[in-house]
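I have placed the structure first, in the form of structure tokens, so that the comments after it can refer back to it.
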Amino acid sequence: MLGGGFAGVYAAQSLEKALGRKGDLEIALISKENYFVFQPMLPEVISGTIGLTDTVSPLRRLLPRTDVHVREIESIDLARKVVMTSPGFRPHAHAIAYDHLVIALGNVTDFRGLRGLPEHAMPFKNLADALHLRSHVIRALEEAAIEDDDPELRRQLLTFVVAGGGFSGVEVAAELNDFVRRVARSYRGLDAKEIRVILVHSQDRILPEVTEKLARFAQKILTRRGVEIRLDTRLEAATGEEAVLTGGEHIPTRTLVSTVPSSPHPLVEALDLPKTKNGRLVVDRFLRVEGQGDVWALGDCAQVPAPDGGVSPPTAQHAIRQAKSAAHNIVAAIRGGEPKSFDFKGLGKMGSLGHRSAVAEIFGFNVSGFFAWWLWRTIYLTKMPGWGRRLKVATSWTLDLLLPPELIELKLAGSMGVTQEHFEPGQEIFCQGDLGDRMYVVLSGTAEVVRREGNREIVLAEIGSGEYFGEMALLNQTTRGATVRCTSPMNALSLPKREVGVLAAHVPELRKSLDDVMTRRARANARTRAGAA
């Protein structure tokens, strides 16, 4: 089994049950994490409604008779029937041979082709994403509460943008909106009226998965609670300071969450197997990949035929039933027996809107409001693996009714390290007089160096691909001597002050090169200013 999501874990679990105590078959599951995430409840981690680890279950407890390999998958060799995984503590090859292969790798967030999104948009796919978003939001509130000098920065810190109006995006926006407005009372310097939560969606209504009536209800509820909804609008680009929408609107923000787009896992893309136009593996009604006798595909990465002639939707309830069918068919292929076709039609759809409200389609009936929220919690609580996990979640929900949410910011890393950033034309990368905190290396695009003297601006230099800037303030321990403004879409490597200092101190040639460049630039700047005078 490749993948630790619903499809992969439930396939392994179903195989364990089908094999009983017989020891003639080996089951192996490869996952990059050693836990299973109950995805439907992940947005509640943002608001702290449930504990940080209440949505996850250790794979070794869920799958006691399965060999769990916590590794990244490097490659799949279908001809040799071998899966290669990444090295562990010791850099040696780790190969796993198979007789039957179950591909359940799901989709990945893919920002390719969207300016600035790989650098500045936060995905929301797993527990790490949820924890990062929660800590980031708390940090933004902390900074905004004490920011008195820069009104624009304060607006950016108190504006939260979510792109994608499907179930995932709506639930993230709802939980985020409830959380920031509720905890704003704990900050003396914050007024909840300053907070903006904006949901951007490309279609004419949110929640296209449900009926129009339920979607309109959800939209009305979110709007009433302060969420601004932009319909028929796409996220076009992003920088560290704003979200750029189609139509030219620029939203100042330091928090951009994108639940779209998603694409097939790169490993699936690399396989020489039949795929649809959107990259999903083509399987028959028995979950076997077309033309293969020993390769099976489930979940989001597979296009599974539905009983009505359509395509099975990529939801958890379908992935679980696909896993059970695939497990039965694998055992039948090994020991003999009749395969079982996948004929699950679906029980319904549910989505939480936060603040004790939800929408649901159950057995063809539309339900909304408090009753739908009660159904949502009750059904998903019973679906969680393990009574211990259910008890923890139920306890967290009960305590949430009585206690205020936690405001602890988890700083999981000491330094951001070298990162890549994107800037749009007109954006000021740093301003004259700012503290020097980072140095930049231009990968593509252009910028201009501008110095303000009184009421006039003097353009000191143009910067292009391959050049670097920002080193003077870092190495001289001074404030920025000029403003650098982007003139065309630019990608740049951003190096923190600490890392630049370490490199300059221990690589003499680099320090000499930086000093020579600073000397040349200082002379050129002096000539430019003299000419302007």
Side-chain angles (χ1 to χ4, degrees), residues 35-57 122-142 160 162 164 166-187 190 192 195 197 199 207 218 221-222 224-227 255 257 259 316 350-360 368-410:
Y35 54 80
F36 164 73
V37 181
F38 194 74
Q39 201 78 24
M41 290 184 180
L42 197 56
E44 296 203 10
V45 172
I46 302 171
S47 60
T49 304
I50 59 178
L52 297 181
T53 59
D54 288 351
T55 61
V56 299
S57 303
M122 288 182 275
F124 194 84
K125 294 284 284 186
N126 52 45
L127 180 63
D129 294 337
L131 295 180
H132 173 63
L133 177 57
R134 175 179 167 80
S135 291
H136 173 87
V137 168
I138 294 173
R139 183 189 174 201
L141 295 175
E142 295 284 355
F160 307 90
V162 179
F167 274 126
S168 182
V170 167
E171 290 178 342
V172 168
E175 290 292 335
L176 183 58
N177 184 64
D178 285 353
F179 177 63
V180 293
R181 296 188 186 282
R182 186 178 175 188
V183 301
R185 308 167 196 161
S186 300
Y187 295 89
L190 289 186
I195 294 173
V197 177
L199 178 62
L207 295 180
I221 287 291
L222 292 178
R224 186 189 303 163
R225 292 177 186 159
V227 178
T255 306
V257 185
T259 60
M350 297 185 295
S352 173
L353 303 177
H355 205 66
R356 302 178 185 84
S357 185
V359 291
S368 59
F370 177 83
F371 182 60
W373 172 80
W374 179 83
L375 277 177
W376 184 91
R377 284 202 162 182
T378 302
I379 291 174
Y380 279 135
L381 187 64
T382 61
K383 295 294 183 183
M384 288 201 77
W387 281 104
R389 198 63 51 186
R390 294 171 198 166
L391 181 60
K392 284 186 176 182
V393 170
T395 302
S396 294
W397 281 342
T398 303
L399 292 176
D400 180 63
L401 300 173
L402 307 172
L403 302 175
E406 292 288 352
L407 280 175
I408 297 172
E409 176 194 352
L410 296 176

Does any N or O in the side chain of Thr378 come within less than 3.5 Å of the main-chain N or O of Leu375, such that one atom is a donor and the other an acceptor? no

Gap between atom CG of Asn126 and atom CG of Leu42 - 0.5 Å precision: 7.5 Å

Partners of Ala218 by side-chain contact (heavy atoms from CB on, under 4.5 Å), sequence neighbours excluded? Ile206, Leu207, Leu353, Val359

Can you tell me how the ring of Phe36 sits relative to the ring of Phe38, calling it parallel under 30°, perpendicular over 60° and tilted otherwise? perpendicular

Partner residues of Ala316 under the side-chain contact (heavy atoms from CB on, under 4.5 Å) criterion, sequence neighbours left out: Phe6

Donor-acceptor pair, distance only, cut-off 3.5 Å: does the side chain of Arg181 make one with the backbone of Gly226? yes

When rounded to the nearest 0.5 angstrom, what is the spacing between CZ in Arg224 and CG in Leu222? 10.5 Å

Where is the tightest heavy-atom contact between Val162 and Gly169, given as atom of each residue plus distance? CG1-O, 3.6 Å

Hits for ring pair (Phe, Tyr, Trp, His ring centres under 6.0 Å) against Tyr187, two or more places apart or cross-chain, chain-then-number order -> none

Correct closest heavy-atom pair for Ala174 and Gly354 would be CB-N, 4.0 Å

Would you kindly say whether Glu171 and Ser352 are connected by a side-chain donor-acceptor distance under 3.5 Å? no

Is the closest side-chain heavy-atom distance between Ile46 and Phe124 below 4.5 Å? yes

Which residues share a side-chain contact (heavy atoms from CB on, under 4.5 Å) with Asp178, sequence neighbours left out: Arg225, His355

Are Lys125 and Thr259 close enough that some pair of their side-chain heavy atoms sits under 4.5 Å apart? no

So, Glu175 side chain and Val170 main chain: donor-acceptor pair closer than 3.5 Å or not? no

Residue pairs, two or more places apart or on separate chains, that pass side-chain hydrogen bond (donor to acceptor under 3.5 Å, both in side chains) and touch residues 386-409: Glu44-Trp397, Asp54-Ser396, Arg182-Asp400

Taking the six-membered ring for Trp, are Trp374 and Phe371 parallel (under 30°), tilted (30 to 60°) or perpendicular (over 60°)? parallel

Do the side chains of Ser47 and Leu176 get nearer than 4.5 Å, heavy atoms only? no

Mind checking ring pair (Phe, Tyr, Trp, His ring centres under 6.0 Å) for Phe179 and listing every partner two or more places apart, or none if nothing turns up? none

Just how far is it from atom CH2 of Trp376 to atom CE of Met350, taken to the nearest 0.5 Å? 8.0 Å

Search all heavy atoms of Val45 against all heavy atoms of Gly51 and return the closest pair with its distance. CG2-O, 4.3 Å

Give, for atom CG of Leu141 and atom NE2 of His136, the distance between the pair rounded to the nearest 0.5 Å. 9.5 Å

Evaluate the side-chain proximity of Tyr35 to Val37: yes if any heavy-atom separation is below 4.5 Å, no if none is. yes

Residue pair Leu199 / Ala173: nearest heavy atoms and the distance that separates them: CD1-CB, 4.2 Å

CA sep, side-chain torsions, deciding dist, call: Met384, Leu391, side chain to side chain contact (heavy atoms under 4.5 Å, CB included): CA-CA 10 Å; Met384 288 201 77; Leu391 181 60; over 6 Å; no

Asp129 versus Leu133: any side-chain heavy-atom pair under 4.5 Å? no

